[in-house]
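Notes follow once the structure below has been shown.
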Amino acid sequence: MKKIFLLAFALFAFISISQAQVAVGINFQSSDTFITVGTDPNNEFFGEARLGIGHDIGLELMGAYNFVRKSEVNAYVGVGLGLLGDHHHKHHDDHNDIYVAIPVGVLITPFNTKNLGFLVEAAPVFANHNDSYLRGGVGVKYTFR
């Protein structure tokens, strides 16, 4: 737990030093709820750190590519590496330490400022012990510009 807080602190420090555009959000997934911090989701390539707060605290690092970039809609595909806190929605007592996710999603920014967006995402998750499943969810993202 101490390592996760240290990693989150280092991530915030790195983002503030680089003075990059930062996006924060919350994703309500079928397997967990994630608080997210990442780079600008309108870039061709973007990254995100996801802190799972549902069952156990977990961390997922995700990198993605926007294959559709429009003024109001972005569609992306990525790869995520998860550490701790992965719970299969049917096996709540099963705890996996490492998993890989392949998120595919759409971010919709319907307002003129383009800071606030809504997302829909699905991801096959490949966990150790052959415990794979498909998770899906919705979320809200705000980009500080």
Side-chain angles (χ1 to χ4, degrees), residues 1 3-5 7-12 14-16 18 20-145:
M1 182 107 139
K3 291 179 184 179
I4 292 174
F5 288 118
L7 181 62
F9 178 74
L11 181 65
F12 283 114
F14 174 74
I15 290 171
S16 65
S18 66
Q21 294 175 339
V22 177
V24 297
I26 187 163
N27 295 0
F28 301 100
Q29 301 285 338
S30 58
S31 62
D32 215 344
T33 300
F34 292 99
I35 295 174
T36 65
V37 176
T39 61
D40 188 350
N42 290 324
N43 292 339
E44 185 176 7
F45 294 96
F46 67 97
E48 197 168 80
R50 299 174 172 191
L51 182 64
I53 58 171
H55 301 110
D56 283 336
I57 292 181
L59 180 66
E60 182 175 308
L61 301 175
M62 191 264 299
Y65 167 71
N66 276 319
F67 60 89
V68 173
R69 291 172 55 197
K70 305 279 184 180
S71 65
E72 293 183 353
V73 176
N74 289 342
Y76 61 90
V77 62
V79 64
L81 176 64
L83 303 169
L84 307 171
D86 172 47
H87 288 275
H88 189 292
H89 62 282
K90 292 183 181 175
H91 304 305
H92 295 291
D93 59 340
D94 187 23
H95 184 272
N96 295 302
D97 293 331
I98 298 173
Y99 64 94
V100 174
I102 303 173
V104 177
V106 175
L107 176 67
I108 302 165
T109 52
F111 305 112
N112 289 336
T113 63
K114 304 300 177 207
N115 289 16
L116 182 64
F118 305 97
L119 65 94
V120 176
E121 183 180 285
V125 177
F126 304 98
N128 54 2
H129 307 297
N130 298 320
D131 191 22
S132 302
Y133 59 95
L134 179 67
R135 75 175 184 210
V138 296
V140 178
K141 188 176 300 259
Y142 186 85
T143 304
F144 295 94
R145 300 183 195 278

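Index from 1, following the sequence.
F144 has its side chain out of reach of Q21: every pair of non-hydrogen atoms, C-beta onward, lies at least 4.5 Å apart. Side-chain contact between P110 and F118 is present, with heavy atoms from C-beta onward closer than 4.5 Å. Proximity of N66 to E44: side-chain heavy atoms (C-beta onward) are nowhere separated by under 4.5 Å. At a threshold of 4.5 Å between non-hydrogen side-chain atoms, the residues P103 and V77 do not count as touching. In this structure, the side chains of V100 and V79 come closer than 4.5 Å at one or more pairs of heavy atoms.
Across all their heavy atoms, Y99 and A127 have their closest contact at CB-CA, 3.8 Å.
Counting non-hydrogen atoms of other residues, nucleotides and ligands closer than 6.0 Å to NZ of K114 gives a total above 12.
When atom types are taken as modelled, the side chain of T109 and the backbone of L116 share no donor-acceptor pair closer than 3.5 angstrom. The backbone N or O of I108 lies less than 3.5 Å from no partner atom in the side chain of N74, so there is not a single donor-acceptor pair. The closest donor-acceptor contact from the side chain of R69 to the backbone of N42 lies under 3.5 Å.
Distance check, rounded to the nearest 0.5 Å: CG of D32 to CD1 of I53 gives 8.0 Å. Note: L107 CG to K70 NZ = 15.0 Å, rounded to the nearest 0.5 Å. The CZ atom of R50 sits 10.5 Å away from atom CG of L61, with the distance rounded to the nearest 0.5 Å.
The six-membered or imidazole ring of Y76 lies near that of F46, with a centre-to-centre distance under 6.0 Å.
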Stepwise side-chain contact (heavy atoms from CB on, under 4.5 Å) check, I26 with T36: CA-CA 6 Å; I26 187 163; T36 65; over 6 Å; no
side-chain contact (heavy atoms from CB on, under 4.5 Å) between T33 and N27, intermediate numbers included: CA-CA 6 Å; T33 300; N27 295 0; over 6 Å; no
Stepwise side-chain contact (heavy atoms from CB on, under 4.5 Å) test for V22 and T143: CA-CA 6 Å; V22 177; T143 304; over 6 Å; no
Evaluation steps, side-chain contact (heavy atoms from CB on, under 4.5 Å), between L134 and V125: CA-CA 6 Å; L134 179 67; V125 177; over 6 Å; no
Residues R135, E60; criterion salt bridge (Lys or Arg N to Asp or Glu O under 4.0 Å); working and verdict: CA-CA 14 Å; R135 75 175 184 210; E60 182 175 308; 2.9 Å; yes
